> 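Below are the structure tokens for one structure; questions will follow.
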Amino acid sequence: MRRTLRALLAAGAAAIAARADPRATYLDASAPIEARVGDLLPRLTQDEKLSLVGGDRDFYIRPIPRLSIPEVKMSDGPLGVRNYGPSTAYPATVGLAATWDAALARDYGASVGRDARARGVGIVLAPAVNIIRVPQNGRNFEYLSEDPYLSGVFASQIVSGIQSQGVAATVKHFDANNQETNRGTIDERIGERALREIYLPAFRAAVTGGHAWAVMDASNRINGTYCSANDWLNNKVLKGEWRFTGLVMSDWSTTHDALGAANGGLDLEMPKGGSMSPAALRALLESGKVSQATLDDKVRRILRLEIANGFLDRAQESSSTPKDDSKSAEMALRIEREAVVLLKNDRYALPLATKRMKRIVVLGPNADAYPSGGGSSRVEPFHYVSVLEGLQKAAGRRAKVDLLAGAATDDEAQSIRSADAAIVCVGFNEGLEGEGNDRTFELPAGQADLIRRVAALNPRTIVVVNSGGAVATADWIGRVPAVLQAWYPGQEGGKAVAEIITGAVNPSGKLPLSYGRRAEDSGSFGNYPGSNGRVDYAEGIFVGYRWFDSKGVKPLFPFGFGLSYTTFTYSKIVVDQTDDGRRTVTFSVTNNGNRGGDEISEIFVSAPVLSRVPRAVRELKGFCRIGLAADETRTVTVVLDPDTFSYFDESKGAWAVEPGSYTIAVGSSSRDIQLTAPVDVP
Ligand code: GLC
């Protein structure tokens, strides 16, 4: 009896001794992060380490109470903090990219970070930055662009914004989650040059530029190995070349074997330690197949993220930030105002002169709706503004704005015919576009027919499209004078779209992706969705406009295209260089119209004609967004990155620069080049 008592007392004393020592370095917020991590790691028992590398309760990292380590709460996602009830629903990030407004992207990230803190969330599972390779991909709306440079700028800025609020960002899905069809098993065969030049850059920017604290592996395989066990991807490239010091988590239930994941660079298996379970890891450690150093590195990365983001020093929940924050709503509105792309505006159909109008009719499945793609990024808002409501508010004092169920009956036809304008809101929504399935290129059944019917009744028919990217337009676009690409507009979207339709806001968005005439025009066509479990990225680097340009295929609307209610002209290009050798492009832009507007200027670089390897006709290497009052001229300078002229030489397994005469072009789209200048690269 006495011995048992003694043993119990000894165990109790040990446990108490192991309790958090308030004087311990790891609890000292003023101590360097690495010193704190180094002090904490050895205090964990092996069981605690083994438990930490598997998630808990679907969206948590376990706490270790005896060491005062709190649980860490996660939440999706790219369109807002969606997991814990209603939240601010921002426009789809493909729309954010359509703003070409890097500063706005950072502000957006900070807004999401504030929303996260209001809910005690420590890790946001965003941004999602995969390249838009396939127009029908169900998750394009959560992504950014077909271009790696534009994607990288936005990825980096969103990460910086989120993390400025004491919340860790998780850049996903690493890598090449470019289709939802068979996403959990598909084996993508991608050449290293295409990986390096197209599919990796946005992640590199998020990690090396934005300093993302977390990366989420994709569910697919790349060149035969699942991303969650991909040593080349996670260890060689991410942790080796890019010196990533944060943690790599799996996508949910996409880890397939403990050994591959443990040695392939996975640090945290979500939603739980199913493959990398404590028992499986213990066996692998005992057999020597996984080293203790490997396990310790995983735990160190998790502890580093927690310490660096202050999770041990303060409460993660910020009670001073409202969950339904008006500042966040304002951000959602600001983004959509800049995201909408005016694709067509014949005969100045827009803006509507509502002062002279008596009645406007609004139709279509998305007219009185909150459209947003489905899946883990879908946020249910506290409130939203539909296009109908937005127009009623924007034009309602002057013109009557009525919702019509369709254009089939005589009284509907009469109502449309007699209206001053007809707005047809079409596209997709949850269940038609979203995670888990790819969508059709064609609009959902009946929508093209509805557009044609309305256009036959009213010459001022305006089409508003909600989608994550290009849709089929061939059998209706010629019958309407105006088309707006509104993406998924977020909770304030109806207000923004109405402000653009009525002219209160001048549209400025430009396409971050090509709008092909047909699905067949895309570079991925014929190499999607793959067969026998495998898909070949045979187009290599020729994705999006790179494909259209190299094949001489004319897109319906090119990458970087968007109209305004005013017009801009360009002049006086000068190419120079900074003291540290980076090229600079200086040029002037004039607003020729009678109203203010923002112009997005795009800088493209073309390699020498006689190049050693196949090169894209032109590649985006810079951009800027310029606000100009009527008749105003401004001169701007864009500084290009040091690697502007590089390509990846597969024969050397390294980046290279070919000497020769390059062309720097300034365009208002990739197909509307305004200025060019030669540049000799030694
Ligand atoms: C899903 C998604 C991922 C999301 C996660 C948690 O599988 O692919 O983007 O963050 O699960 O919801």
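Source: prediction; values computed, not measured. Side chains included, hydrogens not; waters and symmetry mates left out as well; all remaining heavy atoms used. Every number for a ligand or one of its atoms is a count from 1 in the order of the listing.
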> Do the side-chain N and O atoms of D438 and Q179 include a donor-acceptor pair separated by under 3.5 angstrom?
no
> Could you check whether any heavy atom of H173 sits closer than 4.0 Å to an atom of ligand 1, since that is the contact criterion I want to use?
yes
> Near F59, which atoms of ligand 1 are under 4.0 Å from a heavy atom of that residue?
6 (C), 12 (O)
> Could you tell me if any non-hydrogen atom of R82 lies under 4.0 Å from any atom of ligand 1?
yes
> Have a look at ligand 1 and work out which part of R139, if any, has a heavy atom under 4.0 Å from it: side chain, backbone, both or neither.
side chain
> Judged by modelled atom types alone, do Y370 and N429 share a side-chain donor-acceptor pair under 3.5 Å?
no
> Measuring from atom 4 (C) of ligand 1, which candidate in D76, N83, T170, L125 has the nearest non-hydrogen atom?
D76
> Would you say the side-chain atoms of N263 pair up with the backbone N or O of K289, donor to acceptor, closer than 3.5 Å?
yes
> Using 30° and 60° as the class limits, which term best fits the ring planes of F623 and F154: parallel, tilted or perpendicular?
parallel
> Is it the side chain (CB and beyond), the backbone, both or neither of R183 that lies under 4.0 Å from ligand 1, heavy atoms counted?
side chain
> How far is atom 3 (C) of ligand 1 from its nearest protein heavy atom, and which residue and atom is that?
D251 OD1, 3.4 Å
> Below 4.0 Å from any atom of ligand 1, is there a heavy atom belonging to M270?
no
> Which heavy-atom pair separates N466 from P489 by the least distance, and what is that distance?
ND2-CD, 3.7 Å
> So if I count the atoms of ligand 1 from 1 in the order they appear, which ones are less than 4.0 Å from some heavy atom of K172?
3 (C), 4 (C), 9 (O), 10 (O)
> Name the residue from D101, T99, D107 that meets the side-chain hydrogen bond (donor to acceptor under 3.5 Å, both in side chains) definition with R334.
D107
> Check contact between E435 and ligand 1, using heavy atoms of the residue and a distance below 4.0 angstrom.
yes
> Would the distance check show the side chain of N220 and the main-chain N or O of D175 forming a donor-acceptor pair, the cut-off being under 3.5 Å?
yes
